[in-house]
Protein chains: 2
Amino acid sequence: MLVLGADRKGAGDLADNNDALSKKNFNTELLLQALRREDIDGFREEFLELHPYDQASFFSALDEEARMKVYHFISPEEMAGLFENLGGEEDEYQDVLSEMSPDYAADMLSNMYADDAVDVLNELDKDQVASYLTIMDKEAANEIKDLLHYEEYTAGSIMTTEYIAISANQTIRSAMHILKKEAPRAETIYYVYVIDEEKKLVGVISLRDLIVNDDDNMVSKVMYDRVVAAMAGEDQEEVARKMRDYNFLALPVIDFQGHLLGIITVDDIIDVMDEEASDDYSKLAGIADLDGMDRNPFSAAKKRLPWLVILLFLGMFTASLIGRFEETLNKVAILAVFIPLIAGMAGNTGTQALAVAVRGIATGDLEKESKWNIILREAGTGFITGLTCGILVTFVVYFWQGDLFLGALVGISIFCTLIVATLAGSLVPLFMHKMKIDPAVASGPFITTINDIISILIYFGIATAFMGYLTK
Amino acid sequence: MLVLGADRKGAGDLADNNDALSKKNFNTELLLQALRREDIDGFREEFLELHPYDQASFFSALDEEARMKVYHFISPEEMAGLFENLGGEEDEYQDVLSEMSPDYAADMLSNMYADDAVDVLNELDKDQVASYLTIMDKEAANEIKDLLHYEEYTAGSIMTTEYIAISANQTIRSAMHILKKEAPRAETIYYVYVIDEEKKLVGVISLRDLIVNDDDNMVSKVMYDRVVAAMAGEDQEEVARKMRDYNFLALPVIDFQGHLLGIITVDDIIDVMDEEASDDYSKLAGIADLDGMDRNPFSAAKKRLPWLVILLFLGMFTASLIGRFEETLNKVAILAVFIPLIAGMAGNTGTQALAVAVRGIATGDLEKESKWNIILREAGTGFITGLTCGILVTFVVYFWQGDLFLGALVGISIFCTLIVATLAGSLVPLFMHKMKIDPAVASGPFITTINDIISILIYFGIATAFMGYLTK
């Protein structure tokens, strides 16, 4: 039987959510009927008209039996575009590949843009990768092998080799001729890169310039020779920043000698930005990985538990610290009332400072500043917020408990805590960044717990020292 | 005297950070000397070669005297590209505009792409906008006025009207002719939109297709007629999602009748993504606005204090709740020791759940799910994490304090707290989203504080009920 699988709702929703115009894109029923009737021509006619993203949405919602028919109806080459647009779910590549015959899969992988094929292969285990590379088209396999060498999160790992390169000593007419010939296999034709005999990058020319300028002009006259490029080992976040600042649609990637190795297109950069934003965000929240919605509580709990257990033990440490002040607490139980307030304020101000620091590291703004500048500014910020909140709390506690000394004790604790917590929130991630330790360690909950400890030491330290003055 | 202003370091760093190839881009000294010597031709020759982003970086680092010379050396039209690339600092547009003569400024604004001019005008006050629009080029002023009507954060507010539109009944040759003619004023020439006599959008054709296909083909044959478009009132985040999914370089914007109103280019979408990511991030951290690094502690404190003061009062409320259990605390002071642990765990798990929910709302994943599904999943996740942490903590406290009942009390409190806090973390933002309340209210610190309160009620509630069993 041919029906939409477990995800039937998904595809339906998609159609509902779309606006008037794009609703036309996607006639699920028509396609399903064609599949059911084994009407190859009807299916192909409708299906190949779809944007690959829509093809992938439709395909993802099918059950295995229906998917097997699709492999039959659609050539590996036609499947390549669809397959690039799968992803999302963790093991989707793996599952779909295992349904295809190895030859079909290898053929499809050869027909994908090299960078997309690399993305897929990076999700598979080494044996699988090796076996696909063996049966794949030689040329494609070699391109992919080269790209697989680059370290993750570098420019090299997200670039593709399907660019158009020309030499400077030719007319625009002849450049356009090359461009038309190469267009079908190039990932973008909107930038053409100019290289010398040694394959060194010497210039770039946009299709816009090619079209606007006279056909008899020389490329060397029209090309832009101050090319902004990325080094192959450069961090992908840095590449994204360049792309954003310069509004490029593609960026060339070079080695130390200036040889052109590949290009990175703007759609890949959008994916990088998504990834990096979600990464910073998960760090702040203390979750291992935010990608994709979890379908069941077990996988959700698996992602959240590691941090929670670490924080539990840090929390036990905090508890043991308070335990040392049990005598103070026994005498003045009212002190306990303000523990969550003080620890909470320390946590909040620390998270704020952390967020600013992580963001500053991400945008590169912080690296331009001197260390002392940052420390002074954060200490100043802590001083101002601490003074404001400290004075406020002193009066509130005074009016509530009628005890000015208690008010002052809480107020001074808040004041000191906010200064130290603000500094900790910004300096810990900066220090980790400088030490090249993965700043994921300095996540929100971690900083919060550190600041809990600091705030409690300050509060009980002050309280124990001046206990004699407390009226209760 | 003509020197680099306070930001001298900035520009220098920029040059240092760049890699070998792009270092060539930027000869600060050469440009400064030309400015100093009042060598108009020398300055223009070097300066106009630069990418507008580099021009803006150089310009931002100048002092006022030097900037005044630049206005003199560079025409308003040439200034337009530079000006679009300023931004970043809050009042930079304002400052620079006030240095220019009104005519120069108006002329420059007319020469910017309409969407960029709108971005600038949105930063100014209404009187200023009106006065610039009066002296501006009529046609440009009208385009801008139309765009200013759209609500912020909608597709309409970020679109531009400088697109190329053609009719379907012509050959590719004639379409290419129009394209070449319109290229200088169009923001992108890589997509050409096909409209009917009523200006309704009927198709799209990429420059790639125009070039690859035979010149004698009809546009109607080659064009793609299942256009994905955005509605003018659509949220910019939704537009960004479409652009990312479909890998487009531009997206047309239409009204309810399907008339083509404008286009949104991928570089604007990158800015939107940056903005939205930073927005979600600031919410989680409880900071008003994370854009740009603050130079001094006062502006930093101004952004952080509002939340801190709100949280201070919420914290006082928490304190007053504990105050009600003072009697319990007086009898069993050891209870106080575990307050930060329990409140901290509630805060952490709530922040995790919040992050997942906010992200799910942003990606649209959550809207596909049923309410009950979400509640069940989150309750299940809380149950699993609560059970694990609860059992762990029971044993740790038992071994540490030698008191199994105390251990069980803390363990059961953690168990209940984690379930409730996980639910609160995910349901509060979902509820706000459904109620169309700005989910900024459900920021990280807010959820943390709510969960502090819940956790303390649970803990002291259980403790007070079973106090008789506590050995100390």
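Residue numbering restarts at 1 for every chain, and letters A, B, ... go by the order of the sequence lines. Here the structure is a predicted model, which is why all the values come from computation and not from measurement.
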Proximity breakdown for Asp271(A) and chain B, heavy-atom pairs closer than 4.5 Å
side chain
Nearest 0.5 Å please: distance from the CG atom of Leu308(A) over to the CD1 atom of Ile414(B).
9.5 Å
Check the angle between the aromatic planes of Tyr190(B) and Tyr190(A) and answer parallel, tilted or perpendicular using the 30° and 60° thresholds.
parallel
Need one label for Met243(B): side chain, backbone, both or neither, based on atoms under 4.5 Å from any heavy atom in chain A.
neither
If you round to the nearest 0.5 Å, how far is CG of Asn348(A) from OG1 of Thr448(B)?
6.5 Å
How long is the span from the CD1 atom in Ile322(A) to the CG atom in Leu341(B), to the nearest 0.5 Å?
9.0 Å
Nearest heavy-atom neighbours spanning Tyr224(B) and Leu50(A)
OH-C, 3.6 Å
From the list Val337(B), Asp267(B), Asp452(B), the residue making the most non-hydrogen contacts under 4.5 Å with chain A is Val337(B)
Rounded at 0.5 Å granularity, tell me how far CG in Leu311(B) sits from SG in Cys389(A).
9.0 Å
Contact class of Leu312(A) relative to chain B, heavy atoms under 4.5 angstrom:
both
Does Arg244(A) come within less than 4.0 Å of Asp274(B), counting only side-chain N to carboxylate O?
yes
Need one label for Leu249(A): side chain, backbone, both or neither, based on atoms under 4.5 Å from any heavy atom in chain B.
side chain
Which pair of heavy atoms, one from Met316(B) and one from Val396(A), lies closest together, and at what distance?
CE-CG1, 3.5 Å
Side chain from CB out, backbone as N, CA, C, O: work out which of these in Thr349(A) comes under 4.5 Å of a heavy atom of chain B, or both, or neither.
both
All salt bridge (Lys or Arg N to Asp or Glu O under 4.0 Å) counterparts of Lys180(B), not counting sequence neighbours
none
Shorter than 4.5 Å, heavy atoms on both sides: which option in Val212(A), Val266(A), Val309(A) has the most such pairs with chain B?
Val266(A)
Checking heavy atoms, do the side chain of Ala183(A), its backbone, both or neither come under 4.5 Å from chain B?
both
Side chain from CB out, backbone as N, CA, C, O: work out which of these in Leu321(B) comes under 4.5 Å of a heavy atom of chain A, or both, or neither.
neither
Do you know the tightest heavy-atom contact between Leu329(A) and Ala336(B)?
CD1-CB, 3.7 Å
Which of the residues His51(A), Met345(A), Met176(A) is involved in the greatest number of heavy-atom pairs with chain B at under 4.5 angstrom?
His51(A)
Is there side-chain contact between Thr381(A) and Arg304(B), with at least one heavy-atom pair below 4.5 Å?
yes
When rounded to the nearest 0.5 angstrom, what is the spacing between CE in Met273(B) and CD1 in Ile269(A)?
10.5 Å
Heavy-atom pairs under 4.5 Å with chain A: which of Thr188(B), Ile189(B), Leu314(B) has the most?
Ile189(B)
Engaged part of Phe317(A) at the chain B interface, taking heavy atoms whose separation is under 4.5 Å:
neither
Cut-off 4.5 Å, heavy atoms of chain B, and the answer for Ile456(A) is side chain
Tell me, for Leu207(A) versus chain B, whether the close heavy atoms (under 4.5 Å) come from the side chain, the backbone, both or neither.
both
Nearest heavy-atom pair of Thr318(A) and Pro340(B): which atoms, and what distance?
CG2-CB, 4.3 Å
Heavy-atom cut-off 4.5 Å, strictly under: side chain, backbone, both or neither for Thr265(A) against chain B?
neither
So which part of Glu49(A) gets closer than 4.5 Å to some heavy atom of chain B, the side chain, the backbone, both or neither?
both
Considering only heavy atoms and a distance below 4.5 Å, find which of Gly382(A), Ser320(A), Ala319(A), Gly380(A) pairs most often with chain B.
Ala319(A)
Specify which of Phe298(A), Phe383(A), Phe338(A), Trp400(A) makes the most heavy-atom pairs with chain B at under 4.5 Å.
Trp400(A)
Would you give the length of the straight line joining atom NZ of Lys302(B) to atom OG1 of Thr385(A), rounded to the nearest 0.5 angstrom?
15.0 Å
Phe313(B): what forms a ring pair (Phe, Tyr, Trp, His ring centres under 6.0 Å) with it, not counting sequence neighbours?
none
Could you go step by step and tell me if Tyr53(A) and Asn247(B) meet the side-chain hydrogen bond (donor to acceptor under 3.5 Å, both in side chains) rule?
CA-CA 9 Å; Tyr53(A) 175 75; Asn247(B) 288 343; over 6 Å; no
Do the side chain of Tyr246(A) and the main chain of Pro52(B) share a donor and acceptor less than 3.5 angstrom apart?
no
Please give me the minimum heavy-atom distance between Ile384(A) and Ala301(B), naming the atom from each residue.
CG2-CB, 3.8 Å
Side chain to side chain contact (heavy atoms under 4.5 Å, CB included) between Asp245(A) and Asn85(B), worked out:
CA-CA 8 Å; Asp245(A) 289 342; Asn85(B) 280 281; over 6 Å; no
